[in-house]
Every structure is written in C-alpha cells, then in structure tokens.
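Quick note on labels: first sequence line is chain A, next is B, and so on, each numbered from 1.
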Protein chains: 2
Amino acid sequence: MKKTSLKQIAEIAQVSVATVSYALNDSSQVGEVTKAKIKKIAADLNYVPNLSAQNLRTNDSNIVCAVVNTYQGNFNGDVIQEIQDIFAQKKYQLLAVSGSIPNFVKTDMVDGLIVLNYRSDEAELRRIAYDLHKPTIFMTNEIAAKKTANVIINNELGIKYLFETLSKSVHRNICIITGDNNSYNSQQRLKAARKYYKKFYKHDDFDSHVYSGDFDPNTTYQLGRHFLEQNTYNAYLCFNDDMALGIYHAASSLNKTVGEDLSVVGFDDSYVSSVVSPGLTTIKVNKKTWAEEVVDQYFKIKSNSNYPETIELIPELILRDSVKLK
Amino acid sequence: MKKTSLKQIAEIAQVSVATVSYALNDSSQVGEVTKAKIKKIAADLNYVPNLSAQNLRTNDSNIVCAVVNTYQGNFNGDVIQEIQDIFAQKKYQLLAVSGSIPNFVKTDMVDGLIVLNYRSDEAELRRIAYDLHKPTIFMTNEIAAKKTANVIINNELGIKYLFETLSKSVHRNICIITGDNNSYNSQQRLKAARKYYKKFYKHDDFDSHVYSGDFDPNTTYQLGRHFLEQNTYNAYLCFNDDMALGIYHAASSLNKTVGEDLSVVGFDDSYVSSVVSPGLTTIKVNKKTWAEEVVDQYFKIKSNSNYPETIELIPELILRDSVKLK
DNA sequence: AGCCTGTGCACCGTGAAAGCG
DNA sequence: CCGCTTTCACGGTGCACAGGC
C-alpha cells in the first residue's frame, strides 16, 4: 500500500540500505549477484525512488521548468513542445507552468528555468535571474545575469521584412495592430515598426496608425469591421497570426477579399497561416532551431560558463497571397 | 549565495530550528515578539522553504500534475489553461508534462494527477491508476480504480448531432476522417459514427467511408484534394476542427466553396472554427465547465471518497455555415 | 599488502511529538 | 499553560571504513 523504500528492500534482501542504494545505481561497489537479487526485489515491489529525498540530498534533479504566460494559442504550445522533445532525448524532464514563477523553482526541486512570454514587470524577472543560481534562459526578454542566457527573436528584422512587403503592396493605407502591451515581443515589434514606418512612409503620424489588439482575434475582428466599413485602412500589419485571422474574418463578413481588397500580414507562421485562404504572409522563426539553441545554451551554462550571453534568431519572410503585390 | 535554511535563521535569531519553523507557519506555539523577529530575518534573507524537504516530511505538496500527449494544437492548451486557472485560485500549483507519465508523479512530489489525451496502451494507465494512491482524473479515458474519477465527453451524442446535421445537408456523400488511432476520443467517435452511419444511411459499407487523418490538417488537405478532384465525397465529418480546416484548404485550392459545393463538420469548437469563412459547424464542449468538473472531482477524491466515478459532459452543436441545409 | 564486497553513519531541511522551566 | 527547545524521522546518498581472501 505504502510506497516501497530502500529500507524495505534492504530488509527483504538481508543487506544494508546503502547496499541497496548502490545496487540500484549500478555502482561497482556491489557484486553482480547481490545486485541482481536487489534489482529483482525492487522491480517486484514496484520501487520508485523518492525524488524529494533524492533532491534534498543531491541538489540535482534533472528537472527543468518552463514558464509561459498561457498554454493557449498557437505559439507557446508549439515552442514548449519542441523544447520538451529535445530535453526528453537527454533524459531531462521538462515541466511547464503557466502564470507566475512558482516557488518550487526557487527551491532545489528544479535544476533550471526557461522563460517564454512571461508577462510581468522586468524587475521581478531581473531579481529572479539574479539570485536564482541555476541555468536560466529567457526567450522573450533580455536580462543579463550570471548563469543566464537570452535566446531571442530578432524582431526588428521581421518587422523590416513586413514593411518591405507592404511597401510593394497595392494597398498602402497601413494599420498596425500590437499585441499585449506587457509582451516583450510586442514591445520590440512596436519599436521596430516605429522606426520603419518613418523610413518607408516619411510621416510623423505613426502613433495614430497603431491599435492594441491584445493578441486576440476577436478584438481585431471588431477593429477590422470598423475600419473596413469606413475604408479607413486597407493594409494590416498584425503582431501575430491570430490577430491577422481576425482581420480575415472581418473582411469575409463584409464580403471583402483579403489579398484583393486589402492586404494582411502576420507574425509567427502558425499552422493556420498556411491553411487559411488566401495564405497569410507572415514572419517565421524556426521553432526547432530556437528550441535547440535554448537547450544548447542551457547545457553550456550548466557545465561551466556563467557569463551572460544573448543569441538572436534571424527570422524569415513567408510570402503568401494575403498581400497583392504591384 | 547558498539558499537560506531554517538553520541559518535559527542561528541569527538565537532560537532553535523548530521555533523558526513554527514561527513561519504561524503556529500559536511561539510568542508574538519572537515570531515577528524571525519573520523579519526570513524576509531579509529571502528565505524560501525547500519544497523537497517539506514534501519529504509532510507527504503533501499542493502540486498537481497534468499529463498531455502534446502541447501543440488548439485543444490541449486551452483545456490545461482552464484547469490551471481554477487550481491557481485554490493555491494549488498545476504542472504540465507532455509525453509519458514521469517518475516524479509516482513519488511524493506530486499530490495528484490529471490525464488528458494520453496516448498509450490502457494497460499502463490502468496500472498507474491502480497503484498510485493519489487523486487521479482521466479526461479522455475510462479507467476504474480507487481515488480515480473519469470526467469525459459524451462523444456519442456529439457524433449523433453531426450525423443529424449532415443528414439535413444537401451534400450526402459522406467521408469520415478519424484522428490518431490511439486517441480515446477518436476511438469513441469512430464507434459512435459506425452506429449512426448505419442508422442514417442504412448501408453496411461504413468502413469504406472511413479514413485516418491523424488529427493533422495537412493529411486531410491531401485527402481532400484527392476526393474533391475525383468528386468522391462532398460531405466531410472530421473528428477535430484542425482536420476540417485541411478540407477547407483543399476546397479553396480547387476553387470549391465550403458550404456550397461541399459540407464540412468538425469537433471541439476551437477558436479558428468561428474565425474561418464560412464558419465551421462543430461540436462544442464547454472547456470551463469541463475544467470545473475535473477540479471538483479532484477535491472530492482528495477529501474522502475513493470510489470510482464517471462523469459525462454533454456536448453542444454549434451550427455555422459550413453545411448547406436543404 | 591490495582488491572486492558490503556496512555504518552523517547529512540534506522540515515538522511534529515530547520535554522542560 | 505558555514559550521555547530537544529529539527524531522522512528517504536516499556517498564517504570512510571494515572484514575476507
């Protein structure tokens, strides 16, 4: 009924607890015969080592924790899954938590931390990175601390591509729809958009073209309906694909055709952007590469280096038919 | 540098370790003055209790683990998020893991288990449920064991609704596309489809209308293109929404119009099904209700009852324009 | 002596029971 | 009875060492 412990196995096998521990850890300190006997008993009793005890003793858990703002949407889930797959190959267990960084990260239950799209004041992140002396990777923040690396998207380049595309579009009356204002990526994209708007449009009215869409397709559906009815804008730069879909929805509800009557571009290349009609022009970051880089940095930090490092991923433009080119 | 422990606090406060422990747990065993002093020191030193030690001692962690097959797609993420939100309100920490059920679930690090879309032979699940003496909820399986509940979708009803809808459609040449064959929901839906196909179509050729789509839109895109070119089928019943989108994609690539030239129905009411054009007729299970029921059962089991229980959620038909009715 | 196999014990941080002035 | 301390166990690890050949 109760969990089997080393002690019980030791009693049955008529050896000491230490011997059982050695045997199950395949230490050479135990003879083959005894080892086999002990292992058999352990298997029979369905023995599972108590991780709490193990961690308490060893301070090393092979457990890595990933923090996301939410499991919802087409982005976070994909990215965590990629990371999970790589860690699994290396016999590491990835745990995901959503919301705030839980206390157990600060204890010895977890070996390291991966932060994706955490939305909070950077001060807290900074504090955590600073006094958490474990490998920590930020994927959507830039925070310099020991044992910390940042593996982030080069958002400026992505925005540049999108502006270039839209500048070749027949539709030029541009509307920029941002995501959650607390999101690092949204902030970076906004900053880059400001820069390239000026460069491409030579106007100072950037702010009047910007709307907050909160990464939510329903919000952009409402916005889109309004603007399309009034003919305010005919080109939409959305900071993620989901919001772009909201514009699609608005367009079709008003019998307008994306790629004909209006242009739409998105961000992230989520799977829907290829499935939807017309295909959505979007910015892609290879999630597998991203995940590999994250895990790579993780083990680099773990093994020795602890200097802060920042790695930028170069995004790629995926051209589809949501933009009618001149 | 190193984590502060009760011991260090005790030394500074010039009291025993036990007193510190009592003080921080607000026990009445300690005088107010000492308590305040100790708390201040703990705060200053940034004390965080070591969960491994706590669990080892108390066998109770306030951590619940959710297992999913993958974080990807529009379904699992939504559901986990709902569950997470409810647990968070109750000061429980939900951890998510993807892949197989990790060892730490079997140790005392985790209080209970929630299994969603785990794909494996049921034998393993049964074994786990049987000798894991913690609250366990299966959301996509029916497994009877102590301290175990099943909170599942009534798939038969959902399939029935979809057949009723398609039987009123102008398109009647029906193609049934299943998901992953290891998925419980896919299996249940297939079983129900077999039943209702016979009822509505009075034919014995069910199996020749069934194709495996693996829950993947690209697979159904290929299937859809093939069938639509050959005019094999003009009504598609997909076991989830993503696959239905693949049919949408195939249709538009062949200049056919969903809801006009063909009918499509899906399952799950993921957010895309309302955003896409035409809207996708689909089966909805209220995820919030589902999550509430799961958490409810969790605490019921935890507090006392340990008899197996099965709760079925009644799904709802969401009618949109992907089916042209007579 | 040296190798092989196995044991005793201190220790991680916590919390509960019992003890004590 | 209050306020605090001592002691112990939770489960597992690995060092230092013991005893036999």
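Checking D:dA16, C:dT14, C:dA10 against the side-chain heavy atoms of A:R57 singles out C:dA10 as nearest. Candidate nucleotides D:dG14, C:dG15, D:dG11 were compared by shortest atom distance to the side chain of A:A53, and D:dG11 ranks first. Comparing C:dT7, D:dT5, D:dT13 by their nearest atom to the side chain of A:S16 picks out C:dT7. Looking at the side chain of A:T58, the nearest of the listed nucleotides C:dA16, D:dC15, D:dT13 is D:dT13. Listed nucleotides: C:dA17, D:dC4, C:dT7. Nearest to the side chain of B:T34: D:dC4. Comparing D:dC10, D:dG11, C:dT14 against the side chain of A:S5 picks out D:dG11 as the nearest. Comparing atom distances between the A:L56 side chain and each of D:dT5, C:dG13, C:dG6 picks out C:dG13 as nearest.
Residues A:N155 and A:Q188 have side chains that never bring a donor and an acceptor to within less than 3.5 angstrom of each other. Checking A:D85 against A:Q81 by side-chain atom types alone, a donor-acceptor pair falls below 3.5 Å.
Note: CG (B:L24) to P (C:dG13) measures 15 Å, nearest angstrom. Straight-line distance from the CD atom of A:Q29 to the C1' atom of C:dC3: 12 Å, rounded to whole Å. Atom P of nucleotide C:dT7 and atom CD of A:E11 are separated by 13 Å, given to the nearest angstrom. Taking atom CG of residue B:N50 and atom P of nucleotide D:dG12, one finds them 16 Å apart after rounding to whole Å. Between the OH atom of B:Y47 and the C1' atom of C:dG13 there is a distance of 7 Å, given to the nearest Å. Distance A:K7 NZ to D:dA9 P: 8 Å, rounded to the nearest Å. Between the C1' atom of C:dC12 and the CG atom of A:L6 lies a distance of 15 Å, rounded to the nearest Å. In this structure, the NZ atom of B:K37 is 11 Å from the C1' atom of D:dC4, given to the nearest Å.
Checked options B:V295, B:L313, B:D296; the residue passing with B:V151 is B:L313 (criterion: side-chain contact (heavy atoms from CB on, under 4.5 Å)). Applying side-chain contact (heavy atoms from CB on, under 4.5 Å) to B:V294 and the options B:I86, B:I114, B:T289, B:L116 leaves one that passes, B:I114.
B:Q54 comes within contact range of the sugar-phosphate backbone alone, with a heavy-atom separation under 4.0 Å but no base atom that close. Across all strands, B:N55 comes closer than 4.0 Å to no nucleic acid atom at all (heavy-atom distances). At the heavy-atom level, B:S21 lies under 4.0 Å from base atoms of the strands shown. Among the protein residues, A:V20 comes within range of no part of the nucleic acid, since none of its heavy atoms lies under 4.0 Å from any strand.
Residues B:Y184 and B:F138 keep their aromatic ring centres 6.0 Å or farther apart.
Of the side-chain N and O atoms in A:N25, one or more sit less than 4.0 angstrom from OP1 or OP2 of D:dT13.
Within 3.5 Å, no donor on the side chain of A:Y22 pairs with an acceptor on the base of C:dC4, nor the reverse.
No more than 12 heavy-atom neighbours from other residues, nucleotides or ligands sit within 6.0 angstrom of OH on B:Y130.
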